[in-house]
Asks: 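Input: one structure, supplied below.
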Amino acid sequence: MIDEKGYFSNNTTYFIVSGDWYLVGVLNSKYALEYMKGTSSVLGDENKGGRLRFFGQFLETLPIPNAPQAERKAVAKLAEQAQSLHTQRRKRVEKFLRDIGIEPAESTSRNPLEKPWSLTVEEFTRQMGRDSLAVFKSVREETLSVTEEIVKVEGEIDERVKSLYGV
């Protein structure tokens, strides 16, 4: 992600001072993640919700492919598109949460309502009842569509990065 709004971070986030969308694409690819799984400190099982600790000493060893300019531009464009789609989806989820009476700032990523595209009608009604069912169905459809586009774009990034690593 590239922060274009000047947000401040606390001590539990890590960042690189760069506006390089190509680098964002490579760092967010599944190939960079697999590499980091083998070199980083891990809290829990990284394949079951555990967390990798992206300390500089581990991230500095990640090889970044020196791609031709055309490929750098292609990956950069896709990374920018992926971030735009994630932002679009997040804004829609926040509106949905407010519409059903939950302040987004009070919710967490563990709240299943944060991912309406992955909920069934039964799961939603079990948690919230039937009052907001029409709102849920609408947001589920919208966010599912955006999620499918995210998967497509991120898959293309992964394929391009895979070829750059020669995998």
Asks: First locate atom OG of S84, then atom CZ of R89, and finally report the distance between them rounded to the nearest 0.5 Å.
Replies: 12.0 Å

Asks: Run the numbers on R72 and Q69 for side-chain contact (heavy atoms from CB on, under 4.5 Å), then give the verdict.
Replies: CA-CA 5 Å; R72 291 178 75 85; Q69 195 59 31; 3.9 Å; yes

Asks: Could you check whether K162 pairs with D158 (Lys NZ or Arg NE/NH1/NH2 to Asp/Glu carboxylate O, under 4.0 Å)?
Replies: no

Asks: State plainly whether one hydrophobic cluster holds both V151 and L119, where clusters connect Ile, Leu, Val, Met, Phe, Trp and Tyr through side-chain heavy atoms under 4.5 angstrom apart.
Replies: no

Asks: Heavy-atom distance under 4.5 Å between the side chains of L27 and I64, does that happen here?
Replies: yes

Asks: Okay, side chain of Y165, backbone of A32: is any donor-acceptor separation there less than 3.5 Å?
Replies: no

Asks: Under 30°, 30 to 60°, or over 60°: which ring-plane class applies to F136 and F124, parallel, tilted or perpendicular?
Replies: parallel

Asks: With hydrophobic residues grouped by side-chain heavy-atom distances under 4.5 Å, do V75 and L62 end up in a single group?
Replies: yes

Asks: Nearest 0.5 Å, what's the CD1-CG distance between I100 and L133?
Replies: 11.5 Å

Asks: Any Lys/Arg nitrogen of K37 or E34 sitting under 4.0 Å from an Asp/Glu carboxylate oxygen of the other?
Replies: yes

Asks: Looking only at heavy atoms, what is the nearest atom pair of E123 and S118, with distance?
Replies: OE1-O, 3.8 Å

Asks: What are the two closest non-hydrogen atoms of P104 and L97, and how far apart are they?
Replies: CA-CD1, 4.1 Å

Asks: With a 6.0 Å cut-off (strictly less than), is the heavy-atom count around CD of Q127, excluding the residue itself, greater than 12?
Replies: yes

Asks: Just by modelled atom types, is the A134 backbone N or O under 3.5 Å from a matching donor or acceptor in the S138 side chain?
Replies: no

Asks: Working to the nearest 0.5 Å, report the span between CG of L85 and CD of E148.
Replies: 12.0 Å

Asks: Go through the steps to decide whether K77 and E80 satisfy the test side-chain contact (heavy atoms from CB on, under 4.5 Å), and finish with yes or no.
Replies: CA-CA 5 Å; K77 183 178 178 184; E80 198 167 0; 5.8 Å; no

Asks: Would a single hydrophobic cluster contain both L23 and Y31, if residues Ile, Leu, Val, Met, Phe, Trp and Tyr are joined by side-chain heavy-atom contacts under 4.5 Å?
Replies: yes

Asks: V26 and Y35: same hydrophobic cluster, using ILVMFWY side-chain contacts below 4.5 Å?
Replies: yes

Asks: Looking at E141, is its backbone amide N or carbonyl O close enough to the side chain of S145 to form a donor-acceptor pair, meaning the two atoms are under 3.5 Å apart?
Replies: no

Asks: Do the non-hydrogen side-chain atoms of L113 and I102 ever get within less than 4.5 Å of each other?
Replies: yes

Asks: Before you tell me yes or no, could you show the steps for E154 and H86 under side-chain contact (heavy atoms from CB on, under 4.5 Å), namely the whole-Å CA-CA distance, both residues' side-chain angles and the distance that decides it to 0.1 Å?
Replies: CA-CA 11 Å; E154 290 179 347; H86 277 281; 2.8 Å; yes

Asks: Specify the closest pair of heavy atoms between P65 and Y22, including all atoms of both residues, with the distance to one decimal.
Replies: O-OH, 2.6 Å

Asks: To the nearest 0.5 Å, tell me how far E142 CD sits from Q88 CD.
Replies: 9.0 Å

Asks: Any salt bridge between R90 and E114, counting N to O under 4.0 Å?
Replies: yes

Asks: To the nearest 0.5 Å, what is the distance between OG (S29) and CZ (R160)?
Replies: 13.5 Å

Asks: Could you measure the distance from the CG atom of D99 to the CD atom of E94? Nearest 0.5 Å is fine.
Replies: 12.0 Å

Asks: Would I150 end up clustered with V161 when hydrophobic side chains under 4.5 Å apart are linked, directly or stepwise?
Replies: yes

Asks: Mind listing the closest non-hydrogen atom pair of V153 and L78 along with its distance?
Replies: CG1-O, 3.3 Å

Asks: Are any of the side-chain heavy atoms of L164 and E71 separated by less than 4.5 Å?
Replies: yes

